[in-house]
Amino acid sequence: MADNRACGAKTRQGHPCPSWSMPNGRCRMHGGTSPGAPKGNRNAWKHGKYSAWTKALIAFEKAAHLK
């Protein structure tokens, strides 16, 4: 227990959460330990399918096959 304050979230019955809060003011069940989603979208660059260079290469190849 990092802090002696109550969580502050409400239960389904409308009562306050009985768990103790973490430094950010919520307990582990109401957002105390999660840092959130990772920054940026690294998954789109795994294979290079969406890069500008790849799009230009695909357009060039399509033009070359039409001739």
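Values below: every heavy atom of this structure, side chains too, minus hydrogens, waters and symmetry copies. Just so you know, these numbers come straight off a predicted model, no measurement behind them.
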(request) Flag the pair C17 / K10 as yes when at least one side-chain heavy-atom distance between them is below 4.5 Å, and no otherwise. (result) no
(message) Which residues end up grouped with W53 if you chain together Ile, Leu, Val, Met, Phe, Trp and Tyr wherever their side-chain heavy atoms are less than 4.5 Å apart?
(response) L57
(message) If you define the side chain from C-beta out and look only at heavy atoms, does anything of S21 sit under 4.5 Å from C27?
(response) no
